[in-house]
Amino acid sequence: VRRRRVLVTGGGCRIGRELCRQIARLDPVSLVMLDRYENSLHAIVVELLDIKGTGGLHAVVGDVTDTVRMDEVLTKYQPQIIFHAAAHKHVPLMEASPCEAIKNNVRGTRLLAEGAQRHRVDKVIIISTEGRDKDREHPARAAFPGHHRVVADVLFTQAVCAEHPLADYLEDWRRHVHERADGLQP
């Protein structure tokens, strides 16, 4: 993170804000905080001005499911590392609204990964708060051992939804997408 250009999606959510606090202390060249809700984004920007000052701190209103907007953001800020925290995280609510969960969590993650690939982002780190280990025998899960479980969950859900053929993504995701649930390292 030190001396790198970093983008945090979901930068205004509880987990995204904490990521931004930690990243700001690690001296990135730039920290781009992206969120679809301006109120929570404004709050973290005001807080981080005390830590980082104005240099390299960017608040961007945008949605990971909007490909045009994300291409604009990726072109303008050229992040080297993306921490992807923009996801609906309250399972009972999302079970009641599965289409919204799929649109944001599955489609949004896929579109972000595709955009990151187009813009040659070095790393995409998917931030996960919860994971279930059912359906372990599915090829998507078998392709991603251990700490890549969330990527497997996303791919598994895509396969189940028949949104895209699974095989097209496995190798590229394995090389470019990472999950890290513990503390940040410089």
Side-chain angles (χ1 to χ4, degrees), residues 1-89 104-131 144 147-151 153-154 172-186:
V1 171
R2 185 167 282 125
R3 309 295 239 189
R4 308 289 298 270
R5 295 181 306 275
V6 179
L7 166 66
V8 176
T9 69
C13 75
R14 184 179 57 83
I15 293 167
R17 286 191 315 261
E18 183 56 33
L19 277 169
C20 291
R21 287 180 195 107
Q22 290 185 36
I23 291 167
R25 288 182 174 96
L26 295 174
D27 194 31
V29 170
S30 65
L31 173 56
V32 179
M33 299 164 291
L34 180 121
D35 204 287
R36 67 169 71 158
Y37 302 112
E38 80 280 359
N39 287 338
S40 56
L41 191 58
H42 175 73
I44 189 63
V45 169
V46 169
E47 179 184 334
L48 291 182
L49 286 174
D50 291 336
I51 296 171
K52 185 154 178 60
T54 57
L57 194 60
H58 309 280
V60 177
V61 176
D63 187 325
V64 295
T65 64
D66 182 342
T67 309
V68 173
R69 179 64 172 142
M70 289 308 300
D71 277 337
E72 291 171 355
V73 170
L74 294 171
T75 298
K76 181 174 182 176
Y77 296 104
Q78 300 178 352
Q80 296 165 292
I81 301 171
I82 298 175
F83 288 86
H84 179 45
H88 295 304
K89 296 167 183 75
N104 189 66
N105 294 13
V106 177
R107 185 170 178 266
T109 299
R110 178 180 56 82
L111 292 174
L112 179 68
E114 289 172 352
Q117 211 170 22
R118 278 193 309 279
H119 291 271
R120 302 186 192 286
V121 174
D122 295 338
K123 282 187 182 176
V124 176
I125 300 155
I126 298 175
I127 305 303
S128 170
T129 58
E130 192 67 33
F144 292 92
H147 62 283
H148 288 80
R149 183 190 69 241
V150 172
V151 175
D153 288 345
V154 168
D172 287 335
W173 279 65
R174 192 181 324 205
R175 280 197 309 266
H176 298 290
V177 181
H178 306 275
E179 175 199 3
R180 186 178 180 106
D182 52 351
L184 298 177
Q185 301 289 322

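Just so it is clear, the values below take in all heavy atoms, side chains as well, and ignore hydrogens, waters and symmetry mates.
Residues Pro79 and Val32 have side chains not in contact (no heavy-atom distance under 4.5 Å, counting atoms from C-beta outward). Within the 4.5 Å cutoff, the side chain of Leu31 has heavy atoms near those of the Cys20 side chain. Under the 4.5 Å side-chain criterion, counting only non-hydrogen atoms from C-beta, Ile81 is in contact with Ile125. Residues Ile44 and Asp35 form no side-chain contact, since every pair of their non-hydrogen atoms from C-beta on lies 4.5 Å or further apart. Within the 4.5 Å cutoff, no side-chain heavy atoms of Val64 are placed close to those of Thr109.
Screening Val124, Ile23, Ile15, Thr9 against Phe83 for a side-chain contact (heavy atoms from CB on, under 4.5 Å) leaves a single residue, Ile23. With Glu47 as reference, Arg21 is the one residue of Arg17, His42, Arg21 to meet the side-chain hydrogen bond (donor to acceptor under 3.5 Å, both in side chains) rule.
Nearest approach of Asn104 to Ala86, heavy atoms of both residues: ND2-O, 3.9 Å. Here the closest non-hydrogen pair linking Gly12 and Ser40 is O-CB, 3.3 Å. Of all the heavy atoms in Asp71 and Arg118, the pair that sits closest is OD1-NH2, 2.9 Å. Of all non-hydrogen atoms in Leu41 and Met33, the two that sit nearest each other are CD1-O, 3.4 Å. Leu112 and Met70 make their closest contact through CD1-CE, 3.7 Å (heavy atoms, listed as atom of the first residue, atom of the second, distance). Scanning both residues, Leu57 and Val45, for their nearest heavy atoms gives CD2-O, 4.2 Å.
Remark: the backbone N or O of Asp122 is not paired with any side-chain donor or acceptor of Gln80 at under 3.5 angstrom. The closest donor-acceptor contact from the side chain of Arg2 to the backbone of Asp27 lies at 3.5 Å or more, if one exists at all.
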Task: Test log, rule salt bridge (charged side-chain N to carboxylate O under 4.0 Å, His left out), inputs Arg36 and Asp63 - done: CA-CA 5 Å; Arg36 67 169 71 158; Asp63 187 325; 3.4 Å; yes

Task: Check against side chain to side chain contact (heavy atoms under 4.5 Å, CB included), Val61 and Tyr37 - done: CA-CA 7 Å; Val61 176; Tyr37 302 112; over 6 Å; no

Open item on the list: Determine whether Ile82 and Leu74 satisfy the following criterion, side chain to side chain contact (heavy atoms under 4.5 Å, CB included), listing intermediate values before the conclusion.
Closed with: CA-CA 10 Å; Ile82 298 175; Leu74 294 171; 3.9 Å; yes

Task: Check against salt bridge (charged side-chain N to carboxylate O under 4.0 Å, His left out), Arg110 and Glu114 - done: CA-CA 6 Å; Arg110 178 180 56 82; Glu114 289 172 352; 3.1 Å; yes

Task: Worked verdict on Val60 versus Arg69 for side chain to side chain contact (heavy atoms under 4.5 Å, CB included) - done: CA-CA 10 Å; Val60 177; Arg69 179 64 172 142; 3.1 Å; yes

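For Ser30 and His58, the side-chain atoms include no donor-acceptor pair closer than 3.5 Å.
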